[in-house]
Amino acid sequence: MADSTVVTRFAPSPTGYLHVGGARTALFNWAYARRHGGRFILRIEDTDAARSTDESTKKILEDLRWLGLNWDEGPEVGGPSGPYFQSQRGHLYKQYLEQLAAIGRAYRCFKTAEELTAAKAKAKTEGRAYKYDPAESLNLSKAQTDQLIAAGKPFVWRFRMPDADVTVNDLVLGDVTIKAAELEDFVIFKSDGGPTFHFANVVDDATMKVTHVLRAQEHLMNTPKHVAMFDALGIKRPSYAHMPLIFNSDGSKMSKRDKAKVARAAAKERKLAAAPGVDDAAFRAFLDKKSDAVEIALAVAGVLNVILPEIDVHDFRRSGYLPSVILNYLALLGWSPGNDLERFDLDFLAKNFDLERIGKSNARFDRAKLLAFNTEAIGKLTPDEFFKLWREHLAAFHPVYLQKFDDARLRILAEAYRPRSRTLDEPSINGMFFVVADGDVQYDPKAVEKVLKKENGAGLAMLRELAAVLTAISDWNGPALHAALEAFAQRAGKGMGDIAQPLRVAVSGSTVSPPIQDTLALLGKNSTLARINRALTL
RNA sequence: GGCCCCGUCGUCUAGCCCGGUCUAGGACACCAGGUUUUCAUCCUGGUAACACGGGUUCAAAUCCCGUCGGGGUCACCA
């Protein structure tokens, strides 16, 4: 039964990429709307002009689309309640502010930030909890107010909270009551003439006729403010559902700074003196924890070859996770369908998602489990599906492959890696030796020592014999190579592993590659022999 | 610190609302074997939890209270 009255929204502020926590919020709102045949709105909360960027908006839209979370109303698709950028809805906020002012529920406050800070400090030294005292502002006469305005004194507008306890009927947590004494008159219009988050949020939810607000639990203490405004405006409150938070596996908050932390630790441990493309001052600031710039973290990670923790949806995309897997895993963080069911897709959520089964306790993000889900999902892909997805991944993150390989060869490479890939990025990284010139293969010293030089160069001796065997092969393809190598192994009384490893190190530089006959076939006879000859000189 | 929310294996959770079927189920991780041409898979088995203390009851993971622990929030950020 379609309940067309349900309207949900996802309202990110465009200050960076789409965070996984935000993605889950979007997912739940999307799923709830779908489940009830309602509408899902995307709204950009860019009231903070200093931090919001168009670039970020673009990225967030792109990530949502990549995930498959399509919105019925919002940027780029329009809708009856537009515009969908708060920066373009100023007239509405003004209008509702006037309405509140007219009924005495909004008033000017001329207190400066310094005065407020001082009052807070005083309360602290006196050991009492600070609470904004509205008396002075409320007692200002019309004449006094006019005079202050005429004098150009800056002011904010505050909302007059009711002198009563406020109960929020949360669909996940149940009734939550906050005592009147805990609530204070908060700012709804800043001195720069723009609305604060609280006000814009409420006016928009009201004018967009949002019926259900599904958001993270960190907003719980904002909700009394929000419902009080709905009440003052005489507008029916939407239903609220606050969901548990998502943390790192160590219990810390998942934040962009995690990337800086990991990169900084690596830079210090390896005594990195500079990072490419980063000027010295900025780099030093980064090391001194004065800056957590993501660009610097990425540059450091690049030279030191360390993997930064994934935080944003885009990070997981770059790491080669499938959108369906991210969605599935995220849904499990805070929701469960019961019946020991764990693998499901968007379609399932659109049919089965409900608020009753949202959990109340915070969850930790477990990358190992995400990886396991991804491994399984990739294992189920057909060769064609894998090829298509990997090709897209390469186009976005490793275009060098598309320059070096035509689709026919790329398809063969894809098939060599498909059964041994847990992410779309693993083959991209592990297969680098396929796309570099023969003379540029990087030899891993440990692999060379262990496989080629150990025991008086037994591996090298083996390689010399193999070079002769391979040179004699005219029919250069997987099955033929396999047959030839196996025959040689028989004659030499060796196991396949004894011959494969020296060859693998010689042609790839490492101990890891697809099955050796496939690797050699893909590389071609010339490259194979050239690399073996080079390895012989190591 | 005030206020608010939460508390089942290492992690995510099922079970809790409607006490008995729970000697607490699943998944991931971990451990031990096995398959394998490296890697990645794959197969088999195993370890592992109701935070603690009271109470209610014939019976409590399930209901009540307290303690402890974790988290959120206290901006002219959102």
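Just so we're on the same page: letters track the sequence lines, and every chain starts at 1. Given the structure is predicted, the values throughout are model-derived calculations rather than measurements.
- Using atom C1' as the reference point in both B:A24 and B:A14, the two lie 10 Å apart (nearest Å).
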(message) Each nucleotide in nucleotides 31-39 of chain B should get exactly one letter: B, S or -. Can you fill that in based on protein heavy atoms under 4.0 Å?
(response) ------BBB

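- How far CZ of A:Arg422 is from CZ of A:Phe373: 15.5 Å, rounded to the nearest 0.5 Å.
- If you check B:C28, B:C5, B:G71 against the side chain of A:Ala368, the one that comes closest is B:C28.
- In terms of polar N and O atoms assigned as donor or acceptor, the side chain of A:Lys369 comes within less than 3.5 Å of the base of B:A27 in a complementary pairing.
- Between A:Glu356 atom CD and B:C16 atom P the separation is 14 Å, expressed in whole Å.
- Remark: the separation of the P atoms in B:A59 and B:G54 is 15 Å, to the nearest Å.
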(request) Would you give a per-nucleotide map of nucleotides 73-78 of chain B, 5' to 3', where B means the base has a protein non-hydrogen atom under 4.0 Å away, S means only the sugar-phosphate does, and - means neither? (result) S-SBBB

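- Ionic pairing of A:Glu310 and A:Arg367 is present here: one or more N-O contacts between side-chain nitrogen and carboxylate oxygen are shorter than 4.0 angstrom.
- Considering only the side chain of A:Val176, B:C4 comes nearest among B:C4, B:G7, B:C28.
- For B:G25, its base sits under 3.5 Å from the side chain of A:Asp340 at one donor and acceptor pair at least.
- Using a 4.0 Å heavy-atom cutoff across all strands shown, A:Tyr329 reaches no nucleic acid atom at all.
- Between the C1' atoms of B:C18 and B:G2, the separation comes to 37 Å (whole Å).
- Under the Watson-Crick or G-U wobble criterion, with both distances below 3.5 Å, B:C31 is paired with B:G45.
- Here B:G72 presents its P atom at 13 Å from CG of A:Leu220, a figure rounded to the nearest Å.
- Note that A:Arg24 lies in the cation-pi zone of A:Phe28, set by a 6.0 Å cut-off to the ring centre and a 45° limit from the axis.
- The two residues A:Asp185 and A:Tyr132 have their closest heavy-atom pair at O-CD2, 3.8 Å.
- The listed nucleotides are B:C28, B:U41, B:C3; the one nearest the side chain of A:Thr375 is B:U41.
- With P as the reference atom, B:U62 and B:G19 are 12 Å apart, rounded to whole Å.
- With both ends at atom P, the span from B:G53 to B:A61 equals 13 Å, rounded to whole Å.
- A straight line from CZ of A:Phe365 to P of B:C12 spans 12 Å, rounded to a whole angstrom.
- With salt bridges taken as basic N to acidic carboxylate O contacts below 4.0 Å, one links A:Glu415 and A:Arg418.
- Nearest heavy atom pair, residue A:Ile60 against residue A:Tyr17, reads CG1-C, 4.3 Å.
- As judged by a 4.0 angstrom heavy-atom cut-off over every strand, A:Gly334 is placed among residues touching the sugar-phosphate backbone only.
- Under a 3.5 Å cut-off, the side chain of A:Lys131 and the backbone N or O of A:Leu183 do form a donor-acceptor pair.
- The residue among A:Lys179 and A:Gly338 whose nearest nucleotide of RNA chain B lies closer to the 5′ end is A:Lys179.
- Checked against the 6.0 Å centroid criterion, the rings of A:His219 and A:His242 do not qualify as a close aromatic pair.
- In this structure, CD of A:Glu426 is placed 11 Å from C1' of B:U41, rounded to the nearest angstrom.
- Checked against the 6.0 Å centroid threshold, A:Phe199 and A:Trp157 do not count as a close aromatic pair.
- A distance of about 43 Å separates the C1' atoms of B:C5 and B:C42, rounded to the whole Å.
- Comparing the same atom, C1', in B:G26 and in B:U57 gives a spacing of 31 Å after rounding to whole Å.
- Distance A:Leu173 CG to B:C17 P: 19 Å, rounded to the nearest Å.
- Using C1' as the reference atom, B:U44 and B:G66 are 48 Å apart when rounded to the nearest Å.
- Among the heavy atoms of the strands, none lies under 4.0 Å from A:Leu370.
- What separates CD of A:Glu342 from C1' of B:G26 is a distance of 6 Å, to the nearest Å.
- By the 4.0 Å N-to-carboxylate-O rule, A:Glu98 lies too far from A:Lys94 to be salt-bridged with it.
- Partner assigned to B:C58 is B:G20, using Watson-Crick or G-U wobble distances below 3.5 angstrom.
- The six-membered or imidazole ring of A:Phe189 lies away from that of A:Phe197, with a centre-to-centre distance of 6.0 Å or more.
- Rounded to an integer number of Å, the gap from A:Lys360 NZ to B:A14 P is 12 Å.
- Residue A:Met254 contributes atom CE, which lies 16 Å from atom P of B:G71 at whole-angstrom precision.
- A 3.5 Å limit on both hydrogen-bonding distances identifies B:G1 as the Watson-Crick or G-U partner of B:C74.
- Looking at A:Tyr417, its side chain does come within 3.5 Å of a backbone N or O of A:Asn430 through a donor-acceptor pair.
- Partner assigned to B:A14 is none, using Watson-Crick or G-U wobble distances below 3.5 angstrom.
- No contact: A:Arg215 has no heavy atom under 4.0 Å from any strand.
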